[in-house]
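The structure under discussion appears below in the form of structure tokens.
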Amino acid sequence: HWIIIMKRQKSSLVLVSIVFLAGIWGFVFAQRAGIVPGGLELFIFLLIMSAGVYAFVQEMKRHKDIENGFPPEDELSEQIKYRAGYLTFMTSIYIWLALFLLKEWFTDYDTLFGLGVLLPALLFMGIRSHLSRNFNEDAH
């Protein structure tokens with residue numbers, strides 16, 4: 001059972017690393033080609049990269065826990081994940097409402113949709129990190 005989990009963790013760690021590096025190289029190639037994203041496009045790119053960094057750090061922590069013999073998920077981490085998801089869902093309703101009220105500021109609906117998806121994702125990462133830090137047994 002642990003061998004399967006270790007193989008799955010290594011493959012997901014490699015996948016997250018490849019996707020993150022592909023995003024960075026794609027940005028470098030776009031800049032070299034003369035396509036310089038500005039303003040909102042740059043903000044969306046930074047949101048995507050921060051999500052990639054967050055996923056990479058989470059996979060590294062999970063991999064380290066498995067190597068040290070700890071289970072990848074315990075009851076507290078499950079509860080933190082569910083609580084962060086609930087708070088993110090409730091807040092994303094207001095994010096979508098604000099985006100629709102300010103839709104004149106956006107040049108196209110792709111940007112509006114991208115922000116509507118990426119802002120709650122970023123919010124989830126922040127809430128989950130905050131709750132994990134507050135409920136961390138080692139910190140008390």
Side-chain angles (χ1 to χ4, degrees):
H1 177 53
W2 286 103
I3 295 172
I4 294 171
I5 292 174
M6 287 292 288
K7 285 182 182 178
R8 202 175 300 154
Q9 291 299 320
K10 286 182 181 179
S11 63
S12 63
L13 188 62
V14 168
L15 180 65
V16 168
S17 301
I18 290 171
V19 169
F20 181 69
L21 288 175
I24 290 174
W25 280 109
F27 183 76
V28 168
F29 287 136
Q31 264 193 328
R32 299 235 175 186
I35 306 169
V36 180
L40 201 52
E41 290 86 12
L42 184 61
F43 179 69
I44 289 174
F45 176 76
L46 291 175
L47 283 176
I48 292 170
M49 286 294 104
S50 64
V53 168
Y54 180 80
F56 183 76
V57 168
Q58 290 299 319
E59 285 298 318
M60 290 297 291
K61 285 181 184 177
R62 190 173 295 129
H63 184 70
K64 182 180 172 188
D65 286 345
I66 289 174
E67 281 183 345
N68 291 334
F70 296 117
E73 294 285 329
D74 60 353
E75 295 163 4
L76 180 61
S77 62
E78 287 287 322
Q79 292 298 317
I80 288 171
K81 184 169 49 174
Y82 293 146
R83 177 77 175 158
Y86 168 75
L87 293 173
T88 302
F89 175 75
M90 296 306 292
T91 308
S92 69
I93 293 171
Y94 297 108
I95 290 173
W96 277 103
L97 178 66
L99 287 174
F100 283 126
L101 289 175
L102 302 171
K103 67 182 175 186
E104 291 84 26
W105 290 9
F106 301 102
T107 57
D108 58 356
Y109 287 110
D110 293 337
T111 305
L112 180 74
F113 182 72
L115 281 176
V117 170
L118 290 173
L119 285 177
L122 186 66
L123 185 65
F124 175 78
M125 292 183 290
I127 290 173
R128 186 173 179 186
S129 296
H130 175 72
L131 290 175
S132 296
R133 216 177 13 251
N134 285 347
F135 291 112
N136 190 357
E137 296 167 353
D138 296 335
H140 296 292

### Query
Which residue pairs pass the salt bridge (charged side-chain N to carboxylate O under 4.0 Å, His left out) test with at least one member in residues 81-93, sequence neighbours excluded?
Glu78-Lys81
Report whether [X] and [Y] are members of the same hydrophobic cluster (ILVMFWY, side-chain heavy atoms less than 4.5 Å apart, transitive linking).
X	Y	result
Ile93	Leu122	yes
Leu76	Met125	yes
Phe100	Phe113	yes
Phe124	Leu115	no
Met90	Leu118	yes

### Task
Say whether, by atom type as modelled, one donor and one acceptor occur between the side chain of Ser132 and the main chain of Ser129 under 3.5 angstrom.
no
### Task
Quick one: closest heavy-atom pair of Pro120 and Thr88, and the distance?
O-CG2, 3.2 Å
Rounded to the nearest 0.5 Å, how far apart are [atom1] of [X] and [atom2] of [Y]?
X	Y	atom1	atom2	value
Leu97	Leu101	CG	CG	4.5 Å
Leu112	Leu99	CG	CG	5.5 Å
Tyr86	Thr91	OH	OG1	9.5 Å
Leu123	Phe89	CG	CZ	13.0 Å
Arg128	Leu87	CZ	CG	13.5 Å

### Task
For the residue pair Phe29 and Trp25, establish whether any side-chain heavy-atom pair is separated by less than 4.5 Å.
yes
